[in-house]
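Source: prediction; values computed, not measured. The sequence lines fix the lettering, A, B, ..., with proteins before strands; numbering per chain opens at 1.
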Protein chains: 2
Amino acid sequence: MKTIDILKKLRSSRLRPTKQRVEIAKFLFEREKTFHFTVESLNKLLTKKSNSKIALATIYNTVHAFKAAGHLSEVEVRGNKTYFDTNVSNHHHFYDSETSELIDIDANDIIIQKLPKAPNGKKIKNVEVFINLKN
Amino acid sequence: MKTIDILKKLRSSRLRPTKQRVEIAKFLFEREKTFHFTVESLNKLLTKKSNSKIALATIYNTVHAFKAAGHLSEVEVRGNKTYFDTNVSNHHHFYDSETSELIDIDANDIIIQKLPKAPNGKKIKNVEVFINLKN
DNA sequence: TTTCACTTTAGAATAATTATAAACTAGATT
DNA sequence: AATCTAGTTTATAATTATTCTAAAGTGAAA
């Protein structure tokens, strides 16, 4: 994703393209593959990459703002880790607890034949399939 | 589940049936339906029920010991809540974020027709389906 | 360029969980 | 039954993840 598109992405979601947001957005979205990270890991990677330190609170704010705008999705796994995913399309996940690694699964690679009805008065918002791995 | 069975359950998993463990186990397992709870909610319920206060750390220890012994399973949902489930059979969940309520889905009520292959060198440990609800 | 609502920031506050170390106890040993 | 000991509980401290606060900074509209 190009810098100009990053700026568009921010503006289109009413997020002022501040220095910090642009830096974080470039880091997250200027890549081919989808990227999974925690706030902690993102903070470390950003610190390593550039010499300008972004406050941890800003990283929290920004990641949540991106999530609210639909630019990131959130995935939770065993052990209280919260990952964010630059892939916001409908998809599923492998989780390798040995390496704490999340791997995307395309929505088309899982077909569910039978699904229960939602409880009375409720509707199904979405279905997440989580495949835990072992060696 | 009867008290004598609770004692058996504890002994069979090499957990000494201390006063606290028996009290917690009776509270959790002497019921018909499966029960979902967080450590916090369990603590409140136990405090309300009996007048003998069990230390919060003991509740953490005990719940994790029960989980390690296979008497409880753990379910994580959006928003960093960790629920425990007295139903340890293979099953799935509805999650109602309006009410923060978890509802069990029998394993037979979901049939998955197509599943991706596990990444190289890995095997599938288990598949969890999580159905998020809306109104 | 001035203005102001939105942002960032450092640090404090909060919440959930785990660690610590002393006191306690179930159950084996005597 | 009294003694012993590894396992357990407890209060409290420590840790970790996240959010709050309020002051300083800044994009962009006028």
*Under the 6.0 Å and 45° cation-pi test, does Lys9(A) pair with Phe29(A)?*
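Output yes; distance and angle both within limits.
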- Task: Mind running salt bridge (charged side-chain N to carboxylate O under 4.0 Å, His left out) on Lys44(B) and Glu40(B) for me, showing each step along the way?
- Result: CA-CA 6 Å; Lys44(B) 280 185 187 159; Glu40(B) 192 198 3; 3.8 Å; yes
Looking at the side chain of [X], which of [options] is the nearest nucleotide?
| X | options | value |
| --- | --- | --- |
| Glu40(A) | dT18(C), dT8(C), dA17(D) | dA17(D) |
| Ala55(B) | dT9(C), dA11(D), dT9(D) | dA11(D) |
| Thr62(A) | dT9(C), dT8(C), dT18(D) | dT8(C) |

Report task. Enumerate the residues from residues 20-28 of chain B whose closest heavy atom to DNA chain C is under 4.0 Å, giving them by residue number; use none for an empty result. Result ->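 Heavy-atom cutoff 4.0 Å gives no residues at all.
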* Quick one: does His93(B)'s side chain get under 4.5 Å of Asp85(B)'s, heavy atoms only? -> yes
Hits for side-chain contact (heavy atoms from CB on, under 4.5 Å) against Ile124(A), two or more places apart or cross-chain, chain-then-number order -> Leu115(A), Ala118(A), Val127(A), Ile131(B), Leu133(B)
Contacts of Lys26(B) meeting side-chain contact (heavy atoms from CB on, under 4.5 Å) (sequence neighbours excluded), chain-then-number -> Thr3(B), Ile6(B), Val22(B), Glu30(B)
[N] [atom2] sits how many Å from [X] [atom1], rounded?
| X | N | atom1 | atom2 | answer |
| --- | --- | --- | --- | --- |
| Ile59(A) | dT9(C) | CD1 | C1' | 12 Å |
| Leu46(B) | dT9(D) | CG | P | 13 Å |
| Leu42(A) | dT18(D) | CG | P | 12 Å |
| Phe37(A) | dA17(D) | CZ | P | 16 Å |
| Phe66(A) | dT7(C) | CZ | P | 11 Å |
| Leu10(A) | dG27(D) | CG | P | 13 Å |

Item to complete: Tell me, with the steps shown, if Lys33(B) and Asp104(B) meet side-chain contact (heavy atoms from CB on, under 4.5 Å).
Response: CA-CA 10 Å; Lys33(B) 291 185 184 176; Asp104(B) 283 354; over 6 Å; no
dT17(C) OP1/OP2 closer than 4.0 Å to side-chain N/O of His64(B)
no
inquiry  = Does a side-chain N or O of Tyr60(B) approach OP1 or OP2 of dT17(C) to a distance below 4.0 Å, or not?
reply    = yes
In B/S/- notation (B base, S sugar-phosphate only, - none; protein heavy atoms under 4.0 Å), nucleotides 22-30 of chain C written 5' to 3' is ----BS---
Residues joined to Ile111(A) in its hydrophobic cluster, side chain to side chain under 4.5 Å directly or through other members, sorted by chain and number, are none
Identify each atom pair where a protein N or O and an N or O of nucleotides 11-15 of chain C are less than 3.5 Å apart, giving names and distance.
none

Checklist entry - Rounded to the nearest 0.5 Å, what separation is found between the CD1 atom of Ile110(B) and the CD atom of Gln113(A)? => result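 If we round to the nearest 0.5 Å, Ile110(B):CD1 and Gln113(A):CD are 12.5 Å apart.
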* To do: Specify whether Phe35(A) and Phe37(A) have parallel, tilted or perpendicular ring planes, treating 30° as the upper limit for parallel and 60° as the lower limit for perpendicular.
  =>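 Ring orientation, 0 to 90° scale: parallel.
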- Task: Determine yes or no for a side-chain-to-main-chain donor-acceptor pair under 3.5 angstrom, with Ser12(B) supplying the side chain and Lys8(B) the backbone.
- Result: yes
Any donor-acceptor N/O pair, Thr62(A) side chain to Thr58(A) backbone, under 3.5 Å
yes
